[in-house]
Amino acid sequence: MAGEFGAVLRRLREDAGLTQDELERRSGVSVSTIRGLETGKRSNPRMTTVQQLADALALRSEDREELLGAAVPGRRGGGAGATGEAEASAPEVGAAQAGGPAVAPPAVRAAPTEAAEQLARAVAARWQREEEQRRIQDPYPLPVRWKAACETLTDHWANIRRLPPGAPSGPLDLSGRLEGIAETYRSVPSGRLVVLGRSGSGKSVLALRFVLDHLRSRTPAEPVPVIFSIGAWDPTAVTLRDWLTEQLTRDYPGTAAPGPGKVSLASALVDSGRVLPVLDGFDEMADGLRRPALEALNATTLPLVLTSRPAEYAAAVEETDVLTSAAPIELVDLTLDDLDHYLPRTTRKTDRSDPAAGAWQSVLNKLREPSPDRSPAPLATVLSTPLMVALARTVYSDTPEHDPAELLDTGLFPGVRELEEHLLDNFLPTVYRRSRPGARGWDPERVQRWLGHLARHLTELRTPDLAWWRLGHGLRSSTRTLVTALVTALVIGLVDGAMSAAFSGSLAGGVLDGTIVGPLAGLLFGLVHWFTYTVTGKDVQPSAVRLRIRGRPETTTWRAGPRLVIGALGGAFFGFAYGFVIGLLHAFGWNAGLSSALELGLIDAIVFGLVFGGAAGLSFCLLGLLETPLDIVSAVSPGSVLRTDRRTVLTQLCFWAPVFGAAVGFGIGVVVDLLQGHLGRLVMDPTGSLMLGTISGLGGALGYTLTLTAWGQWCLLARSATAVPSAWS
């Protein structure tokens, strides 16, 4: 479909009277990319690239839909789902491209039906890219096959077939191959399918192919299949529908937009049955959670696909019951014939006398020779799963200097375990030496060390989802809060001290003010972080919103009230403490007595408490009023999510600093005038107001960024405290 997209793009560009160079300047997409797309040399354009081109061409809605449809095969005119490209994979989340003042994206105003179509496009683009990265189609998918699972794991066929009472029923023929998974699912009247298979048997690849194949043939009336890592679900803490809504909002931020009835689009899509959950990794749940998870699934009639290893699913069934109305299938091992057809086609031809032969041919011939005890060779056992075949292909087929014949050496590899460990140990070094030879910062040993750290991190969190904003969770929650408070205190103290010294011309005065403000600010922001995230167990997630200067959707959820309260209370606490200390210092500097010092401290505490409480409440309130959800179809890579969140945070910082600073600077004068005479004679000169406003604006913005945003926590904890490599930055 690259040729079709190129033809459409070329026609629309020419209709707009633009050259390729002019389109480059307008869109920010390089002219080489535009030329490659128009000539068909570049296939599967990224959805963000398509969006940029459409915006630059100022397309009408029908032309925009035509361009998007040409970029996503099979979805012309809002039809069945299909493929595309976006740089994201399983643990990844979506993000929106940042730009100038935003207009409300279509998802914000969309009805659930339109939102479902946009979600289908985003899902197809995401998993098409994942399939390409895994090289599933190179040269063709391994022949994953399955059979019906044992009867003890199967519900009554009458329930599976949705038959009325008394109607005769019999089993369905569920055997099939990878290319027929969508048809197998549609043959199950209940819409519930359980996929069982041992480690490495291809369950996740089957789930991926199911999503893409189902989307290609999907009608608008059918739900959109979305993969969820069920290992991250705690059924004792959150209901299934609420968890699906949370995960959908996280992975596709556009679904956080308000939908009908002032609920989010994600909630509307889940509640209306427009999402088909593909629950991958039931076996990855904690042992004590599988039974309540199965009971929670049985409490619903929601169509779904569930994947698991057989033993873990059977254990959960033994404790409670089978998944109601679900038809289970079990993946079977690869055969030597499968290997004969696949592996020789993955390597270079090395024998000139026999062009069809390759490095694998002699190995496969040896595996067919019967052993003295008639037991299968260890290598044949290892290569019976798609995972191990993929590892062997990477280590030997794609690396000419490696000879797969060494895998037959029983001296080096006496058993199955040694062979599997050898393939696993050599996978990463092979990939990184081949794809990035000599690249700085990509040393294979260093990569293995950091990936091991990440694996341990995920094990401790009991989740298969790798999220950059949770990398700091390698520290205990109390340690994270303490580090956040200390670093925030240090940063704000240094900034305050430097600016105070610059304004006053007194280094000692700057050091003193920084020494007071830093710890107070660190304590305040540390407490806010503790109560907002640590106590509630929530994550500081990437912002699902961006600033919107003009106009707001009428159905946007009201957030200003709670933010006003939080900001006012936090600001008042800081202002009261800061004012009291400043008042005491001034009083002792004037050699006032203890009672006078306490009186002056209390007066300053009241003044500064009112000023900072009002300023912080106003700033938080305005941030809530100026937010709008991201678009649903802009899902890209983890790095793009990080960059987008960074742009959002920096925009908020640029808004927060002048607004908060101006509110403090002008507010101090207003409060002094209002309280003049009531608290005695109050004095505040304009220079002092300017200094207080400027320092407060910058310090408050830095504190908000470090403690209450995902990017700030990434910089503070992941990049600094744990020194995570900068591959995603």
Side-chain angles (χ1 to χ4, degrees), residues 80-81 116 144-197 201-203 206-207 209-228 230 240-241 244 270-280 282-283 290-291 293-310 312-332:
V144 177
R145 292 184 294 270
W146 59 84
K147 62 181 180 180
C150 64
E151 282 294 324
T152 57
L153 303 179
T154 307
D155 196 12
H156 300 287
W157 286 105
N159 295 339
I160 296 172
R161 302 182 72 164
R162 298 296 192 194
L163 296 175
S169 64
L172 296 170
D173 181 10
L174 297 177
S175 59
R177 296 171 59 94
L178 181 64
E179 60 272 16
I181 182 59
E183 288 73 15
T184 297
Y185 173 79
R186 287 191 172 97
S187 71
V188 180
S190 65
R192 290 188 148 201
L193 184 69
V194 177
V195 180
L196 303 175
S201 60
K203 298 184 297 295
L206 187 70
R209 283 307 322 160
F210 167 73
V211 168
L212 293 178
D213 291 347
H214 190 282
L215 285 173
R216 283 196 181 97
S217 55
R218 170 183 169 268
T219 65
E222 291 182 298
V224 179
V226 181
I227 296 178
F228 299 90
I230 193 175
L240 175 64
R241 292 183 185 274
L244 292 175
V270 172
D271 291 340
S272 62
R274 289 181 171 87
V275 172
L276 171 58
V278 181
L279 306 174
D280 189 26
F282 179 78
D283 53 279
R290 295 192 197 110
R291 174 178 176 175
L294 198 52
E295 291 172 344
L297 294 176
N298 282 338
T300 74
T301 58
L302 195 68
L304 55 87
V305 176
L306 179 72
T307 74
S308 176
R309 289 189 298 222
E312 285 78 359
Y313 180 72
V317 168
E318 183 69 23
E319 291 181 356
T320 173
D321 194 4
V322 298
L323 182 60
T324 303
S325 302
I329 59 176
E330 186 168 4
L331 305 185
V332 299

Exercise. What do the steps show when you test L212 against I181 for side-chain contact (heavy atoms from CB on, under 4.5 Å), and what is the final call?
Worked result: CA-CA 10 Å; L212 293 178; I181 182 59; over 6 Å; no
Problem set entry | Step-by-step side-chain contact (heavy atoms from CB on, under 4.5 Å) determination, V226 to L244 | CA-CA 10 Å; V226 181; L244 292 175; over 6 Å; no
Problem set entry | Pairs where residues 164-190 contributes a residue and the test salt bridge (charged side-chain N to carboxylate O under 4.0 Å, His left out) is met, not counting sequence neighbours | R177-E179, R186-E222
For this session: Could you tell me which residues satisfy side-chain contact (heavy atoms from CB on, under 4.5 Å) with T300, sequence neighbours excluded, listed by chain and number?
Result: R192, L240, L302
Seminar exercise, completed: Applying side chain to side chain donor-acceptor pair (under 3.5 Å) to R145 and not counting sequence neighbours gives D338
For this session: Check side-chain contact (heavy atoms from CB on, under 4.5 Å) between R161 and all other residues, then give those that pass, not counting sequence neighbours.
Result: L163, L172, P189
Problem set entry | Working for side-chain contact (heavy atoms from CB on, under 4.5 Å), residues L196 and L153 | CA-CA 10 Å; L196 303 175; L153 303 179; 3.6 Å; yes
Seminar exercise, completed: Sequence neighbours excluded, the answer for side-chain contact (heavy atoms from CB on, under 4.5 Å) partners of A221 is T219
Exercise. Below 4.5 Å, heavy atoms only, C-beta onward: do S190 and N159 meet side chain to side chain?
Worked result: no
Problem set entry | Where at least one partner belongs to residues 294-310, residue pairs that pass salt bridge (charged side-chain N to carboxylate O under 4.0 Å, His left out), sequence neighbours excluded | D283-R309, R291-E295, R309-E312
For this session: Check salt bridge (charged side-chain N to carboxylate O under 4.0 Å, His left out) between R290 and all other residues, then give those that pass, not counting sequence neighbours.
Result: D287
Problem set entry | For the student: nearest non-hydrogen atoms of F282 and A293, plus distance | CE1-CB, 4.1 Å
For this session: Apply side chain to side chain donor-acceptor pair (under 3.5 Å) to S169 and list each qualifying residue two or more places apart in sequence or on a separate chain.
Result: none
Problem set entry | Contact summary for G180 and W146, nearest pair of heavy atoms | C-CH2, 4.2 Å
Problem set entry | Nearest heavy atoms of L174 and S187, plus distance in Å | CD2-OG, 4.4 Å
For this session: Name all residues meeting the salt bridge (charged side-chain N to carboxylate O under 4.0 Å, His left out) criterion together with R209; count only those two or more places apart in sequence or in a different chain, and write none if there are none.
Result: E131, D213
For this session: With sequence neighbours left out, write down each residue that passes side chain to side chain donor-acceptor pair (under 3.5 Å) with T307, or none if nothing qualifies.
Result: D280
Exercise. For the residue pair P277 and P303, what are the closest heavy atoms and their distance?
Worked result: CD-O, 3.2 Å
Side-chain donor/acceptor pairs under 3.5 Å, residues 314-332, sequence neighbours excluded:
| unit_1 | atom_1 | unit_2 | atom_2 | d |
| --- | --- | --- | --- | --- |
| T324 | OG1 | N298 | OD1 | 3.0 |
| S325 | OG | R162 | NH1 | 3.4 |

Problem set entry | Minimum-distance pair of heavy atoms, taken over all atoms of P223 and G273 | CB-O, 3.4 Å
For this session: Identify the two heavy atoms, one from S272 and one from R274, that lie closest to each other, and give their separation to 0.1 Å.
Result: OG-NH1, 2.7 Å
Exercise. Among all residues two or more places apart in sequence or in another chain, which pass the ring-ring contact (aromatic ring centres under 6.0 Å, His included) test with F210?
Worked result: Y185, H214
